[in-house]
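For the single chain, residues carry numbers from 1 onward in sequence order. Atoms within a ligand are numbered from 1 in the order they appear, just like the ligands themselves. Excluded from the calculations below are hydrogen atoms, water molecules and symmetry mates; all remaining heavy atoms, backbone and side chain alike, are included.
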Amino acid sequence: MKISNAKGLSGTVSIPGDKSISHRAIMFGAISEGMTEITNFLEGADCLSTISCFQKMGIEIERQAGRVLVFGKGLHGLCAPSATLDVGNSGTTTRLISGILSGQNFTSRLNGDDSIQKRPMKRIMTPLQMMHADIKSDRGNDCAPLTIRGTSLKGIHYQSPVASAQVKSCVLLAGLYADDITSVSEPSVSRNHTELMLSAFGADIQTEGTTASIIPNPVLSGQKVIVPGDISSAAYFIAAGLIVPESEILIQNVGVNPTRDGILRIALQMGGKIEKLNERTVSGEPVCDLLVRSSSLHAATVEGDMIPTLIDEIPVIAVMAAFAQGTTVIRDAAELKVKESNRIDTVVSNLSAMGCEITPTDDGMIIHGGRMLHGNTVDSHLDHRIAMSLAIAALAADGETTIKDGECVDISYPNFYRDLEALKK
Ligand code: S3P
């Protein structure tokens, strides 16, 4: 994929559905009674992996223009898959579905692509095993492929060492099948879409501070879910509007759940001109439109409890920092090493190749901003968020940038390049 410098950006972009919420709507619909209708579902490869896993367990799922219908069979209605469930590149599918599969009365096997086979699964295996789940890494390396033999589960209180919504959601979903209440505490609050949506489907979930608890064996009922636009996808346009001179963009339909909106808080702190318009609530989630204008950015420190609220946006925050005056420090973000790529390495190597002064640290990076970047050949490492972040850097860099394996944006935003080109003046 080739991207050249932009003289300015203008116009309107409407953000596709949230990836986290789309996954959950399929999963919760599948284990509810009756039909779930999902509007603005994200047709990205990751969410399609979730659909295919549930279809292999006997759930009828109909994809129509602009919506998806899931014909749920209730908590105990899944059937044994006849083949390995293919989770593709999706960590969310792997970790959340493992919680559900642990409580079934059949055996299943999960596997995916090269990246998923390197991502840590011990973080879910440990709490699931504490619940008496029978989950094993086939190669004994705590990664997929995983084999899960369904068993009776025990309710536990789990103190998670990481702030991870995937771990929290996995344990809460297993908690649906447990013999007693299950709760999870985490070091900082991670995204809470599971808690919000599963409650709307009829589960009894309580949240207090950094702890979420679930009562087992509820009757879940199919719902109508309207998926808000994904702030993680909006982040690329927020950054582009801020760093490309002579730009003004209206970004429509952005989910701004406070457990996800760290990118907005950091962009404002860096001096970004961003206005929230038309604030509303969609399927229990706060949503708005964002008006973004070119801004003179200055450096910020990104750390602490804020990290889980912007974890997927750190690559594009690094791009913003490259165009900001001063030194930006990103710390407390060691989780970046275990995403679709090691995002400390892939951000640092690619932005360095474009002329940025950037140093990796153990838990983040340090970016000395304010230098002009130059187009070059860069490598997505098949990581969708790296590809999109580099595309934004390319818009503000001089010359032309070639992004190797740039089509991996299909994972979360299939029309990304088309939407970006449409904004160029
Ligand atoms: C997600 C949670 C985050 C995020 C991922 C999606 C989710 O992972 O990085 O893209 O849908 O729960 P962690 O919760 O493991 O940090």
Closest to atom 8 (O) of ligand 1 among R191, K339, E335 (heavy-atom distance): K339

contact_flag R24 ligand 1 heavy-atom lt 4.0 Å: yes

Closest non-hydrogen protein atom to atom 14 (O) of ligand 1, residue and atom name please, with distance? A165 N, 2.6 Å

Would you say ligand 1 has an N or O under 3.5 Å from any N or O of Q166? yes

In terms of side-chain geometry, is the basic nitrogen of R385 or E340 positioned less than 4.0 Å from the acidic oxygen of its partner? no

Does at least one non-hydrogen atom of H23 fall below 4.0 angstrom from an atom of ligand 1? no

Quick test: of every protein heavy atom, which one is nearest to atom 10 (O) of ligand 1, and how far off is it to 0.1 Å? D312 OD2, 2.8 Å

Can you sort out the partners of N111 under side chain to side chain contact (heavy atoms under 4.5 Å, CB included), two or more places apart, ordered by chain and number? T84, Q117, A144, P145

Salt-bridge contact D383-K339 (side-chain N to carboxylate O under 4.0 Å): no

Looking only at protein heavy atoms, identify the closest one to atom 11 (O) of ligand 1 and say how far it is in Å. S20 OG, 2.7 Å

When rounded to the nearest 0.5 angstrom, what is the spacing between CE in M306 and CD1 in I266? 4.5 Å

Is there a polar contact, in the sense of an N or O pair closer than 3.5 Å, between S164 and ligand 1? yes

State whether the side chain of Y417 and the backbone N or O of G406 hold a donor-acceptor pair below 3.5 Å, judged by distance alone. yes

Checking salt bridge (Lys or Arg N to Asp or Glu O under 4.0 Å) between D312 and each of R191, R260, K19, which is the one that passes? R191

